[in-house]
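Residue indices begin at 1 and follow the sequence shown.
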Amino acid sequence: MGRLCVICDKERAIIKRPKTGQKLCKECFYYVFETEIHNAIIDNKLFKKGDRIAIAASGGKDSTVLAHVMKLLNERYQYGLELFLLSVDEGITGYRDDSLETVKRNQQQYELPLKIISYSELYGWSMDQIVKEVGLKNNCTFCGVFRRQALDRGAVILNVDHIVTGHNADDIAETVLMNILRGDIARLQRCTEICTTGDGCIRRSKPFKYTYEKEIVMYAYFKKLDYFSTECIYSPNSYRGHARTFLKDLESVRPSAIIDIIHSGEAFEIKKEVKLPTQGVCKRCGYMSSNELCKACVLLEGLNRGLPKLGIGKTHRMRKIHGDMPQDTAIIPHFNKIKINDDENNNIIIDDSNNLKEKLAEK
């Protein structure tokens, strides 16, 4: 760049921060990047000493940088956290199986315990099988719903207090836009929160809430971190993809658009007289839900009954046509009653009256 770093005024600047436009040397970029994340953690009191923290690890750039930075900050500032890697295997051949190899290398590099939990174990369906049933139009709905509950169940297995995810500023701004376009004011109100929790469920936080995706990529590149960069083979038609394209166009005109959208979401208020869904628990699996049945249970019921559209759109109309669920339909084991232990082969044993493994064995 031909000029000195604006912070140290000694080394030649080689990076222009997308977030601020500052011209920095490599070491100063590392420092401000890491310090901003540390400040987000401290300012929002995300953790306390002794917490067991599961890092949601996919092998991608965000979760790889998150694992690296969490380990670094934990040691640098003596947070006193016990860190674990938690991965979800959706069962996508040629994508997730390859990215999990990256996660396994990260486990060795960062010397952190790793737990992998799969859709096949929990639901009896892999994403490859689900896509064969539902096609490429609504597959991301299934994956997103199933992944959220899989992470929480994985956290129960690890007996952790908290899950941290690699959601960055771009992701959160996209979610704000999606919720505005959908008119989903309930989700719009909470999607910008840095830390969320449901009744009886594990706390989740986003230390990268104010961290730009471009800077995460730059950090991973200059640090030579080992991550998997291929996009999911089933995601090109996702609704989020359209929001992402729109956001990138906005960012090219106004780089602060990402943070501006997040701040708009934070400032969003709902009139007191507006009735919002009340959070409860699913009567079937015990997971948090604003309806009688959680979305995962409805989607799984549809798959197991050969009615993949049951959980898409107007479920009550489908029920009028096809009736209630037959008694022998496989369901997700109850969230609060599962007793999970690892056997000698590191497989999950679910001790529950509605044992999904027994149903799978009958297939």
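Judged by distance alone, the side chain of Lys209 and the main-chain N or O of Thr192 form a donor-acceptor pair under 3.5 Å. A side-chain donor-acceptor contact under 3.5 Å links Lys206 to the backbone of Glu193. Proximity of a side-chain donor or acceptor of Asp51 to a complementary backbone N or O of Lys48 within less than 3.5 Å is detected. A side-chain donor-acceptor contact under 3.5 Å links Lys19 to the backbone of Tyr210. In this structure, the side chain of Ser205 does not engage the main chain of Pro207 through any donor-acceptor pair within 3.5 Å. Looking only at distances, a side-chain donor or acceptor of Asn168 sits under 3.5 Å from a matching main-chain atom of Asp171. Using a distance-only test at 3.5 Å, with no hydrogens or angles considered, no donor-acceptor pair links the side chain of Thr64 to the main chain of Lys61. Judged purely by atom type and a 3.5 angstrom limit, Asn138 has no side-chain atom pairing as donor or acceptor with the backbone of Thr141. Without hydrogens or angle criteria, Asn74 side chain to Gly80 main chain gives a donor-acceptor distance under 3.5 Å. Using a distance-only test at 3.5 Å, with no hydrogens or angles considered, a donor-acceptor pair links the side chain of Thr245 to the main chain of Gly241.
The two atoms that bring Asp170 and Leu247 nearest to each other are O-CD2, 3.6 Å, heavy atoms only. When all heavy atoms of Glu174 and Ala243 are compared, the closest pair comes out as O-CB, 4.1 Å. Nearest heavy atom pair, residue Leu293 against residue Cys282, reads CA-SG, 3.8 Å. Scanning all heavy atoms of the two residues, the minimum distance from Arg12 to Cys25 falls at O-CB, 3.6 Å. The two residues Gln129 and Gly124 have their closest heavy-atom pair at OE1-O, 4.0 Å. Listed here is the closest heavy atom pair of Pro18 and Met218: CD-SD, 3.7 Å.
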Test Gln22 against Lys16 for side-chain contact (heavy atoms from CB on, under 4.5 Å), laying out the working first. CA-CA 5 Å; Gln22 290 176 305; Lys16 181 179 180 181; over 6 Å; no
Test ring pair (Phe, Tyr, Trp, His ring centres under 6.0 Å) applied to His162 and Phe47, step by step: CA-CA 8 Å; His162 203 127; Phe47 317 119; 5.1 Å; yes
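Connection of Ile172 to Ile216 is not established within any shared hydrophobic cluster, with ILVMFWY side chains joined at heavy-atom distances below 4.5 Å, either directly or through further cluster members. Hydrophobic clustering (ILVMFWY, side-chain heavy atoms < 4.5 Å, transitive): Leu122 and Ile92 are in one cluster. In the hydrophobic clustering of this structure, Val217 does not group with Ile14; members are Ile, Leu, Val, Met, Phe, Trp, Tyr whose side-chain heavy atoms approach within less than 4.5 Å, directly or through other members.
Every residue two or more places apart in sequence or in another chain that forms a ring pair (Phe, Tyr, Trp, His ring centres under 6.0 Å) with Phe33 is listed here: Phe29, Tyr219.
Heavy atoms of other residues, nucleotides or ligands lying less than 6.0 angstrom from NZ of Lys223 number more than 12. Within a 6.0 Å sphere centred on CD of Glu266, heavy atoms belonging to other residues, nucleotides or ligands number more than 12. Other residues, nucleotides and ligands contribute more than 12 heavy atoms inside 6.0 Å of the CD atom of Glu273. Counting heavy atoms of neighbouring residues, nucleotides and ligands inside a 6.0 Å radius, atom NZ of Lys248 exceeds 12 of them.
At a threshold of 4.5 Å between non-hydrogen side-chain atoms, the residues Lys104 and Ser99 do not count as touching.
Applying the side-chain hydrogen bond (donor to acceptor under 3.5 Å, both in side chains) definition to pairs two or more places apart or across chains, those involving residues 82-95 are Arg52-Glu82, Glu90-Arg96, Glu90-Arg147, Thr93-Asp128. Listed by first and then second residue, the ring-ring contact (aromatic ring centres under 6.0 Å, His included) pairs involving residues 231-278 amount to none (not counting sequence neighbours).
The six-membered or imidazole ring of His38 lies near that of Tyr77, with a centre-to-centre distance under 6.0 Å.
Residues Ser63 and Ser58 have side chains that bring a donor and an acceptor to within less than 3.5 angstrom of each other.
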